[in-house]
Asker: 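There's a structure below that I have some questions on.
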Amino acid sequence: MNRIGIVLVLLVLLTGIAFAIASSKTSASAELQIPKADAAAIESNGHGIGLVTAFENLYNEFMQKSLPGALDKYYSGSIPETISGQWVRDMFAMAGAFDGIVVNLQEGDMANASANYNEFAVLYNNISDRVPEWKGYFNTTAVDMLGKDLAANNTPASFQDIGAIGATCSKCHGDNQPQVWAKYYWRNFQTVNVSTTHGNMTWGDSMDALAGTYAGVGVNAAKGNQSAANDSFNQFRDLYTDVKVACSNCHDTPRFYYVSDDVFATIDQMGQNITDGNMNNAIALQQSLGVQCYRCHVLHMPAQDMKNKMEK
Ligand code: HEC
Ligand code: HEC
Ligand code: HEC
């Protein structure tokens with residue numbers, strides 16, 4: 001049921017593109033440039049859209065201001081697929097010491113609890129000074145208190161302090177972690193180059209071209225136009241191969257989804273069905289391939305959307 005829903009949504013989207021191509025009087029197989037939807041037309045079309053725009057502007061502004069610039073310094077040289085950047089490395093060190101205090105206390109090992117405390121307190125106080133806008137998240141008073149309660153062997157009070165400190169960790173994580181990941185962990189797709197036989201393309205242009213050829217296969221197959229369907233197929237297969245190569249802009253391990261050998265086997269089966277004149281089979285395979293586009297979008301677009309808003 002869900003699968004059918006997904007395919008339908010994709011079809012509606014892509015058929016729109018296909019009609020745009022048809023109405024511009026060029027065959028889908030020859031033309032790779034797809035006209036974009038006219039945002040101004042959409043804007044003037046609906047009621048209450050002004051409110052939507054106002055809310056969007058507010059959200060964009062929030063996203064742009066949501067992370068202090070002072071954090072950049074602690075992420076210089078950070079790369080996707082790697083836990084890099086001084087900020088996150090220090091977080092792991094601080095968490096190690098913090099967990100150490102808890103475990104030692106549970107075991108009644110006060111000597112090691114104090115040793116871990118000393119390490120933790122230095123890190124916590126040091127980190128609290130790094131980003132002025134984030135100073136308010138830290139509770140250094142509770143950390144001082146924990147030192148005193150540990151020295152006094154007061155275990156119940158120590159656990160209470162630990163709870164108060166732990167709340168400061170959770171609060172900041174809840175507010176900021178997703179934005180930090182989007183900003184520093186994900187590379188911007190707009191900086192990715194896709195090398196094609198039509199020259200170098202931006203990611204967005206390669207996607208538009210891919211969508212045009214994808215729709216071309218379905219539309220031409222439905223019309224029973226075998227040679228046009230075959231042209232669209234060849235362009236689609238070439239572009240999808242180029243997009244697959246472009247995954248390596250961010251990933252240095254083989255990709256098991258969306259562009260893997262089984263997906264290309266389906267693509268080739270679709271081509272064979274066009275060659276054999278089995279258009280209904282070709283159309284069914286074309287629709288099943290749309291699910292791969294959809295799933296890759298569901299995975300990668302949320303972070304990219306956040307980046308688009310944060311980086312204007
Ligand atoms: C990496 C996985 C991935 C795969 C596979 C993929 N896309 Fe995309 N696509 C993206 C991302 C990410 C964006 C958003 C780029 C941005 O906002 O800068 C996008 C954007 C688009 C867009 C909007 C382009 C624009 O004008 O900004 C279209 C249309 C599109 N994809 C179609 C497709 C179709 C059709 C397929 C399959 C045949 C496909 N995509 C496969 C990741 C993927
Ligand atoms: C602009 C950078 C970028 C591009 C280009 C990109 N990805 Fe990703 N992708 C990421 C990031 C960041 C993650 C988060 C998880 C990680 O680091 O592996 C991710 C995660 C994934 C994952 C889930 C984690 C895993 O490794 O299994 C898959 C699958 C994936 N990408 C497939 C693809 C495919 C297929 C393409 C090309 C069609 C692609 N990606 C292109 C940035 C990118
Ligand atoms: C002022 C904000 C802030 C405070 C306070 C804070 N953290 Fe973090 N922490 C972050 C951010 C932002 C990240 C995400 C960093 C990344 O993934 O690059 C993070 C990541 C982490 C991670 C890495 C794991 C993950 O899921 O990303 C650990 C572990 C961690 N913090 C532990 C702690 C502990 C323990 C405390 C409290 C004693 C604490 N943090 C307090 C901001 C904070």
Side-chain angles (χ1 to χ4, degrees), residues 10 13-14 17 34 36-37 67-68 71 74-75 78-99 120 123-124 127-128 130-131 133-139 142-143 162 165-194 202-215 217 236 239-240 242-260 263 267 286 289-305 307-308:
L10 261 171
L13 277 172
L14 294 171
I17 293 166
I34 319 296
K36 301 221 174 202
L67 288 182
L71 196 61
Y74 300 99
Y75 276 98
S78 144
I79 37 175
E81 287 201 275
T82 320
I83 297 170
S84 44
Q86 196 192 341
W87 184 273
V88 69
R89 287 200 308 270
D90 286 349
M91 281 289 143
F92 277 114
M94 179 168 69
F98 194 52
D99 292 345
F120 169 74
L123 277 165
Y124 191 90
I127 293 170
S128 77
R130 286 181 182 170
V131 178
E133 294 88 337
W134 282 2
K135 186 87 187 156
Y137 279 113
F138 294 87
N139 184 348
V143 172
I162 286 169
I165 298 165
T168 70
C169 318
S170 314
K171 172 70 178 144
C172 184
H173 292 161
D175 288 353
N176 296 301
Q177 233 165 4
Q179 291 96 302
V180 166
W181 287 335
K183 181 169 183 186
Y184 300 110
Y185 190 75
W186 290 77
R187 181 175 156 182
N188 194 327
F189 271 86
Q190 280 154 20
T191 66
V192 169
N193 176 56
V194 185
T202 62
W203 186 269
D205 286 349
S206 81
M207 285 291 129
D208 285 340
L210 188 67
T213 59
Y214 173 81
V217 172
F236 171 73
L239 272 168
Y240 209 64
D242 299 333
V243 165
K244 173 182 178 150
V245 170
C247 304
S248 66
N249 277 279
C250 302
H251 295 290
D252 55 12
T253 52
R255 298 292 87 199
F256 295 110
Y257 305 99
Y258 326 129
V259 294
S260 42
V263 175
I267 291 174
Q286 188 255 10
L289 283 167
V291 176
Q292 302 299 332
C293 319
Y294 177 85
R295 289 165 71 192
C296 202
H297 289 165
V298 168
L299 174 67
H300 291 86
M301 272 191 185
Q304 180 61 33
D305 181 67
K307 288 184 88 72
N308 289 346

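Indexing begins at 1, ligand by ligand and atom by atom, following the structure's order. Along the sequence shown, residues carry numbers from 1.
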Asker: Any nitrogen or oxygen of Y185, main chain or side chain, under 3.5 Å from a nitrogen or oxygen of ligand 2?
Answerer: yes
Asker: Of the backbone atoms (N, CA, C, O) and the side-chain heavy atoms from C-beta on, which set of T168 has a member under 4.0 Å from an atom of ligand 3: side chain, backbone, both, or neither?
Answerer: backbone
Asker: Using distance alone, determine whether Y75 and ligand 3 share an N or O pair under 3.5 Å.
Answerer: yes
Asker: Hey, is there an N, O or S on H300 sitting under 2.8 Å from atom 8 (Fe) of ligand 2?
Answerer: yes
Asker: Minimum distance, heavy atoms only, to atom 10 (C) of ligand 3: which one of Y74, W87, W181 is it?
Answerer: W87
Asker: Do side-chain atoms of K307 reach the backbone of W186 as a donor and acceptor pair under 3.5 angstrom?
Answerer: yes
Asker: Main chain of N188, side chain of Q304: is a donor-acceptor contact present, judged purely on distance under 3.5 Å?
Answerer: no
Asker: With heavy atoms of C296 as the reference, note each atom of ligand 1 found under 4.0 Å away.
Answerer: 1 (C), 2 (C), 3 (C), 4 (C), 5 (C), 43 (C)
Asker: So, for D90 and I127, which heavy atoms are closest and what is the spacing to 0.1 Å?
Answerer: CB-CD1, 4.1 Å
Asker: To the nearest 0.5 Å, how far apart are OH in Y124 and OG1 in T168?
Answerer: 3.0 Å
Asker: Is any side-chain heavy atom of V263 closer than 4.5 Å to one of Y257?
Answerer: no
Asker: Take V259 and C247 through the test side chain to side chain contact (heavy atoms under 4.5 Å, CB included) and record every step on the way to the result.
Answerer: CA-CA 9 Å; V259 294; C247 304; 4.2 Å; yes
Asker: Taking non-hydrogen atoms only, is N308 closer than 4.0 angstrom to ligand 1 via side chain, backbone, both or neither?
Answerer: side chain
Asker: I need the contact type for T253 against ligand 2. Using non-hydrogen atoms and a strict under-4.0 Å cut-off, is it side chain, backbone, both or neither?
Answerer: neither
Asker: For R187 and ligand 2, does the shortest N/O to N/O distance drop below 3.5 Å?
Answerer: no
Asker: Return the closest protein heavy atom for atom 38 (C) of ligand 2 as residue, atom name and distance.
Answerer: C247 SG, 2.7 Å
Asker: Do V194 and M207 touch side chain to side chain, with heavy atoms closer than 4.5 Å?
Answerer: no
Asker: Which ligand 2 atoms are under 4.0 Å away from a heavy-atom of L299?
Answerer: 20 (C), 21 (C), 22 (C), 23 (C), 28 (C), 30 (C), 31 (N)
Asker: Provide the number and element of each atom of ligand 2 under 4.0 Å from a heavy atom of V259.
Answerer: 35 (C), 38 (C)
Asker: Heavy-atom contacts with F120 under 4.0 Å: which atoms of ligand 3 show up? List them by number with element.
Answerer: 38 (C)
Asker: Donor-acceptor pair, Y258 side chain versus K244 backbone, under 3.5 Å?
Answerer: no
Asker: Kindly identify the option in H251, Q190, Q304, R295 whose heavy atom sits closest to atom 6 (C) of ligand 2.
Answerer: H251
Asker: Please write down residue, atom name and distance for the protein heavy atom closest to atom 16 (C) of ligand 2.
Answerer: E81 CG, 3.7 Å
Asker: Please name the pair of heavy atoms, one in R255 and one in S260, separated by the smallest distance, quoted to 0.1 Å.
Answerer: O-CB, 3.9 Å
Asker: Relative to the heavy atoms of A211, which atoms of ligand 1 are at a distance of less than 4.0 Å?
Answerer: 29 (C), 35 (C)
Asker: Within the 4.0 Å heavy-atom shell around C250, which atoms of ligand 2 are there?
Answerer: 1 (C), 2 (C), 3 (C), 4 (C), 5 (C), 42 (C), 43 (C)
Asker: With distance as the sole test, does H300 use its side chain to make a donor-acceptor pair with the main-chain N or O of C296 at under 3.5 Å?
Answerer: yes
Asker: State, with a plain yes or no, whether a side-chain heavy atom of F120 is found less than 4.5 Å away from one of I165.
Answerer: yes
Asker: Run down the list F236, Y257, F189 and name the one with the heavy atom closest to atom 12 (C) of ligand 1.
Answerer: F189
Asker: Please give me the protein atoms (N, O or S only) lying under 2.8 Å from atom 8 (Fe) of ligand 3, ordered by chain and number.
Answerer: M91 SD, H173 NE2
Asker: Counting heavy atoms only, which part of Q292 comes closer than 4.0 Å to ligand 1: side chain, backbone, both or neither?
Answerer: neither
Asker: Can you figure out which of H297, M301, Q286 has its heavy atom closest to atom 42 (C) of ligand 1?
Answerer: H297
Asker: How far apart are the C-alpha atoms of W203 and Q190, what are their side-chain angles, what is the distance that settles it, and do they pass the side chain to side chain contact (heavy atoms under 4.5 Å, CB included) test?
Answerer: CA-CA 6 Å; W203 186 269; Q190 280 154 20; over 6 Å; no
Asker: If I take every N, O or S atom of C293, is at least one of them less than 2.8 Å from atom 8 (Fe) of ligand 1?
Answerer: no
Asker: Please round to the nearest 0.5 Å and tell me the distance separating atom CD of Q179 and atom OH of Y184.
Answerer: 11.0 Å
Asker: At a non-hydrogen distance cut-off of under 4.0 Å, which region of Y184 contacts ligand 3 (side chain, backbone, both, or neither)?
Answerer: neither
Asker: Could you check atom 24 (C) of ligand 3 against the protein and tell me its nearest heavy-atom contact, residue, atom and distance included?
Answerer: F92 CZ, 3.7 Å
Asker: Just do the side chain to side chain contact (heavy atoms under 4.5 Å, CB included) check on I267 and F236 with the steps written out, would you?
Answerer: CA-CA 9 Å; I267 291 174; F236 171 73; 4.1 Å; yes
Asker: Pull out every atom of ligand 1 sitting under 4.0 Å from any heavy atom of Y240, numbered as shown with elements.
Answerer: 5 (C), 37 (C), 38 (C)
Asker: Hey, do the aromatic rings of W87 and W134 have their centres closer than 6.0 Å?
Answerer: yes
Asker: N/O to N/O below 3.5 Å, does that happen between R255 and ligand 2?
Answerer: yes
Asker: Within the 4.0 Å heavy-atom shell around V180, which atoms of ligand 3 are there?
Answerer: 12 (C), 18 (O)
Asker: Nearest 0.5 Å please: distance from the CG atom of L71 over to the CD atom of Q86.
Answerer: 11.0 Å
Asker: Could you list the atoms of ligand 2 found under 4.0 angstrom from a heavy atom of V192?
Answerer: 1 (C)
Asker: Would you mind finding which of W186, W203, Y294, Y214 brings a heavy atom closest to atom 15 (C) of ligand 1?
Answerer: W203
Asker: Taking atom types as modelled and ignoring hydrogens, do the side chains of Y137 and D175 form a donor-acceptor contact shorter than 3.5 angstrom?
Answerer: yes
Asker: Under a 3.5 Å distance rule, please check whether S248 uses its side chain to pair with a backbone N or O of H251 as donor and acceptor.
Answerer: no
Asker: Quick one: does N249's side chain have a donor or acceptor within less than 3.5 Å of a partner on A246's backbone?
Answerer: yes
Asker: Please answer whether the main-chain N or O of R187 pairs with a side-chain N or O of T191 as donor and acceptor at a distance below 3.5 Å.
Answerer: no
